[in-house]
Amino acid sequence: MEDRMSIIVYSGTVDKLMAVSTLATGGAAMGLDVELFITFWGLEAFRKDAYKSNMRISKDFEDYAPIMMEQMIAKKVPSWMETLKGAMEIGNVKIYACSMTMELFDLKLDDLEPVVTEVTGVATFVERAKEGRMTLFI
Amino acid sequence: MPELTDITIDKEIDARGSFCPGPLMELIRGMKALPVGGVLAVLSGDPGSAKDIPAWIQKARHEYLGAFPEQGYTRFVARKSH
């Protein structure tokens, strides 16, 4: 077993992406390798510059969206992308984009934020995740 | 644990107003920049820091010198061991 945390990033809403970036930071800080597999709306959130205007929040808590965004600005909470970049700075964090979603949305690696490492298929991710200590779906 | 007055702090980072994982990130960055043997203090008002900061210091094998409570925040102090 390897000291690795694998996260399947399926969601593209800010609240869930904050959970992803915070967990990735915790993993990186505690010496785990961290691998994100970004797929569907999670991958959409990594489109170049998309995070700057992404104000989406989980549908079941959408009534909280204005207050949450207000609080984030008032308390100067860093964006999830900023937190994720911090995790990459202190540890080994890799981001893999799902090849199927790339096809579906007609995307190339160049269309995504430069933090994305490469494009892979689900089998590669699963093969690596099975050797790791924990796998999360967010 | 030593008393705060017995410790010479080489660098102090004010991470008050920053939330989990902010203060821990500040500590990690600060430790990186410090020479071996240097003493770093991080001020944090985040309740998570009380467990997170000592856990990281232990994991990273630095020397934890203690948590010193102030009004509304805590001063966490550690020495860089390697």
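Here is the naming used below: chain letters follow the sequence lines, and residue numbers restart at 1 for every chain.
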For [X], does the [atom1] atom have more than 12 heavy-atom neighbours from other residues, nucleotides or ligands under 6.0 Å away?
X: B:K11; atom1: NZ; value: no
X: A:Y64; atom1: OH; value: no
X: A:E89; atom1: CD; value: yes
X: A:E131; atom1: CD; value: yes

**Report entry** chain B contact via A:K75 - which portion, at a heavy-atom distance below 4.5 Å
**Finding:**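 Both parts, heavy atoms under 4.5 Å.
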
Query raised in the report: Is it the backbone or the side chain of A:A87 that comes under 4.5 Å from a heavy atom of chain B, or both, or neither?
Result: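 Backbone only.
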
Query raised in the report: Given the options A:S21, A:G26, A:G86, which has more heavy-atom pairs under 4.5 Å with chain B than any of the others?
Result: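 Of A:S21, A:G26, A:G86, A:G86 has the most heavy-atom pairs under 4.5 Å with chain B.
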
Report task. To the nearest 0.5 Å, tell me how far B:K59 NZ sits from A:L32 CG. Result ->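 Answer for the NZ-CG pair, B:K59 versus A:L32, is 7.0 Å.
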
Query raised in the report: What distance do B:F19 atom CZ and A:M72 atom CE have between them, rounded to the nearest 0.5 Å?
Result: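 It comes to 11.0 Å.
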
Report task. For B:M25 and A:T25, work out which heavy atoms get closest and say how close. Result ->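 Heavy-atom minimum between the residues: SD-CG2, 3.3 Å.
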
Report task. Verify the cluster assignment for A:I73 and A:M81: are they in a single hydrophobic cluster under the rule of side-chain heavy atoms below 4.5 Å apart? Result ->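 Result: no, two separate clusters.
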
Query raised in the report: Would B:L27 end up clustered with B:L65 when hydrophobic side chains under 4.5 Å apart are linked, directly or stepwise?
Result: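 Hydrophobic grouping puts B:L27 apart from B:L65.
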
**Report entry** Part of B:A60 within contact of chain A (heavy atom distance under 4.5 Å)
**Finding:**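 No part of B:A60 comes within 4.5 Å of chain A.
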
Requested in this report: Taking B:W56 for its side chain and A:A29 for its backbone only, find out whether a donor-acceptor pair lies under 3.5 Å.
Outcome: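 Yes, B:W56 side chain to A:A29 backbone: donor-acceptor pair under 3.5 Å.
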
